[in-house]
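Worksheet: one structure, shown below.
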Amino acid sequence: MAKLKVAGTWGGLIEVELENWTLHMLRDEVAKRSGLDPDSIKLICAGKILKDDGDATLTLAQLGIKENSKILSTRGAAPEEGKSIVDEEERSRRLSRVKAAATALSKRHADGSLPIEDYNIELEDQGGHKVQFGTETDQSAAMMGLMLHTKAKSLIEMEMYSDAVEVLAMAEESFLLCDPKILAFVDNLPMMEIDIVWCYFLLRDIKCLSDAGVRLERARKGLERAHGKDLSRLRLLQAGQSPEMALYVRLELLEGVVAYHTGQCDKALNALKSAHAKFLQLQIPDETLSLVMGMGFQEKDAKRALRLNNQDIASSIDFLIEERAKRAQKREEDLQRQKEINEQKKYGVTPMKKAVDMQMLNRLNSIGYARDLAAESLRRNENDFQQALDTLTNPKVNSSIQAYIESRKRKRQEQLVGISVDELVTMGFERGRATSALQAGGLREDIIQRLLQSVPEAHPASSANDGVAESSGFGGRESTSNEVDGGGAEQDSEMKDDTTDETANRGSTSGDDGEEEDQERDSEIEDDIANEIARVDSLSAYDINLVLEIEAINEYLAMLDASQESA
């Protein structure tokens with residue numbers, strides 16, 4: 001009888017006959033001792049999942065298992081196999097939608113164009129300060145990478161690990177489009193490498209072992225660049241706080257797992273012990289947590305503060321008060337930004353589909369130009385401040401823009417009330433009075449009634465015309481279409497000219513005229529991504545509860561202990 005060392009869901013020695021036992025028999029024995037369903041158990045030896053490839057008669061010896069072999073018994077998610085073609089196609093479509101939505105959002109926010117909905121997505125560093133990533137290309141690529149990374153984290157929370165790996169690969173591709181010099185001093189890319197390997201681990205995807213090792217090496221070097229050697233730079237930036245320790249617990253666990261499966265037991269033991277020590281430092285006594293929560297803070301926030309401040313209660317409370325003030329300030333800034341977005345949408349977009357630059361608009365407004373006039377000049381001149389100023393100082397062009405703006409206001413008012421000046425003229429009302437009535441506001445019926453009540457007794461129109469005016473209040477444009485006077489025809493021409501001018505100079509408008517964007521948007525996925533981003537803050541990446549991590553640390557430490565005892 002040969003002895004096999006088993007660890008994982010069950011740990012101990014099993015005596016087997018290598019020449020007679022099959023993989024099925026070994027799995028049943030482990031299941032019996034662990035009390036689990038045999039179908040939920042996977043057996044791993046020498047870094048490979050044990051499979052009989054459909055031949056149930058193969059013995060353990062034929063599968064390469066020898067005396068004193070170390071067997072890892074695991075349960076849980078394995079690489080998804082046997083999926084139907086329909087399921088796989090649906091998954092592929094879903095992932096494509098995620099990438100397309102993130103691409104669309106990132107481009108709009110990087111180049112200043114506006115979506116229909118009012119997303120306010122900006123990049124922040126660990127201190128919550130806004131970050132600009134170099135060129136427009138860098139900005140768009142970084143924005144897309146962060147959006148996809150956030151989406152992947154939500155997939156990990158939902159235990160959709162295969163999908164998460166795919167989305168993380170998309171995020172990695174996006175980040176790599178940024179200037180490497182920029183990425184060298186941020187920890188987003190190293191953290192993403194760790195998340196990819198974490199998914200490998202949760203999938204028990206042993207075939208990715210070599211890739212996992214390479215990724216963890218890159219993550220370690222990347223974190224050292226971003227955080228400084230021995231975390232010196234991070235300590236300086238965070239004023240002595242320790243937000244990253246949970247991340248290093250996961251990193252060292254994964255380094256230990258890779259070392260174990262590649263036969264580097266000493267390296268594995270050191271990494272796992274270090275991870276375990278950090279885990280213990282992060283444990284918060286119930287009484288300490290209760291004291292902070294007693295000050296009116298939520299459990300999640302209290303835990304984060306105590307972790308960041310090495311469990312010092314006074315420092316943690318100061319931190320929470322400061323964070324509360326920051327959130328209040330951010331809400332005010334978000335409201336202000338929301339107002340700016342709404343104002344930008346009112347002005348439309350430039351011929352190159354860019355929003356009006358609000359800083360340039362404020363400068364022109366401070367000089368003394370009306371906001372709508374300055375905005376239209378900037379819009380026509382692609383936000384070029386000097387050209388916009390030259391346009392405004394040209395009396396003829398300035399007058400033309402003012403006439404255009406008044407025409408736009410009139411058309412918007414007509415759309416709002418459901419009646420136009422031309423329609424009122426065809427009813428027999430004087431054009432000047434009709435225009436004034438529209439500008440006074442109100443519903444269609446109110447405007448008509450107000451005009452009727454203000455008609456002078458000596459109205460020059462004939463009784464026949466009065467009859468037309470009264471009846472056409474219920475749709476008189478068709479019935480009087482041939483009775484438009486010369487002034488009305490001239491106004492029609494003016495309106496057509498306005499429309500032509502708008503089409504040529506305005507590009508598309510993202511608001512008042514209801515014109516659709518050139519490309520159909522996936523609002524469902526965009527909303528999903530935007531909502532997920534809204535739920536995180538600059539320190540959310542370090543909020544790891546470590547439940548799975550400590551289970552794995554204990555599991556692998558037990559396997560190492562078992563191997564040392566047998567040796």
Side-chain angles (χ1 to χ4, degrees), residues 80 83-124 131 133-179 182-183 188-189 191-193 195-196 199 341 344-345 349-350 352-355 507-511 514-536 540-541:
E80 297 175 7
K83 272 196 163 188
S84 69
I85 295 176
V86 174
D87 288 342
E88 195 57 41
E89 287 179 350
E90 175 59 30
R91 175 173 174 268
S92 178
R93 280 196 296 270
R94 185 171 64 251
L95 293 174
S96 296
R97 287 177 65 195
V98 169
K99 184 174 183 179
T103 302
L105 278 173
S106 64
K107 284 183 178 178
R108 277 199 293 276
H109 282 273
D111 66 12
S113 58
L114 296 171
I116 295 174
E117 279 75 26
D118 302 332
Y119 300 119
N120 180 17
I121 302 172
E122 293 175 322
L123 305 179
E124 293 182 349
V131 175
F133 272 82
T135 66
E136 185 176 301
T137 300
D138 291 332
Q139 181 82 356
S140 179
M143 184 78 77
M144 182 175 175
L146 290 172
M147 289 178 181
L148 291 170
H149 193 181
T150 301
K151 179 63 179 176
K153 284 180 177 293
S154 73
L155 292 171
I156 293 173
E157 289 178 4
M158 293 185 288
E159 300 184 7
M160 300 173 66
Y161 305 126
S162 294
D163 284 7
V165 169
E166 295 283 352
V167 176
L168 285 166
M170 297 177 196
E172 182 178 41
E173 182 182 340
S174 299
F175 275 124
L176 292 177
L177 295 176
C178 293
D179 185 342
I182 295 174
L183 293 178
N188 299 93
L189 201 54
M191 290 171 70
M192 193 165 55
E193 300 274 22
D195 285 337
I196 290 172
C199 288
I341 289 175
Q344 282 178 314
K345 289 171 67 176
V349 294
T350 70
M352 296 296 292
K353 304 294 181 69
K354 303 292 181 67
S508 68
T509 61
S510 55
E515 297 177 14
E516 296 182 357
E517 290 186 311
D518 293 337
Q519 296 181 345
E520 185 177 351
R521 295 174 51 244
D522 193 335
S523 298
E524 180 185 355
I525 300 295
E526 288 188 12
D527 286 345
D528 188 34
I529 292 174
N531 290 334
E532 285 164 356
I533 291 175
R535 289 197 297 269
V536 303
S540 293

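Between A164 and I156, the shortest heavy-atom distance links the atoms CB-CG1, 3.6 Å. Heavy atoms only, all atoms of each residue included: A171 and G145 are closest at CB-O, 3.6 Å. In terms of heavy-atom proximity, D163 sits nearest to M160 at OD2-CE, 3.2 Å.
If you take CE on M191 and NZ on K153, they are separated by 5.0 Å, rounding to the nearest 0.5 Å. Taking CG of L155 as the start and OH of Y161 as the end, the distance is 11.0 Å to the nearest 0.5 Å. The distance from atom CG of D195 to atom CG of N188, rounded to the nearest 0.5 Å, is 10.5 Å. One finds the CE atom of M143 at 12.0 Å from the OG atom of S174 (value rounded to the nearest 0.5 Å).
With sequence neighbours left out, E166 forms a side chain to side chain donor-acceptor pair (under 3.5 Å) with no residue at all. In this view, L176 and E172, L189 satisfy the side chain to side chain contact (heavy atoms under 4.5 Å, CB included) rule, not counting sequence neighbours.
Evaluated for a side chain to side chain contact (heavy atoms under 4.5 Å, CB included) with H149, the options M170, M144, M192 yield exactly one hit, M192.
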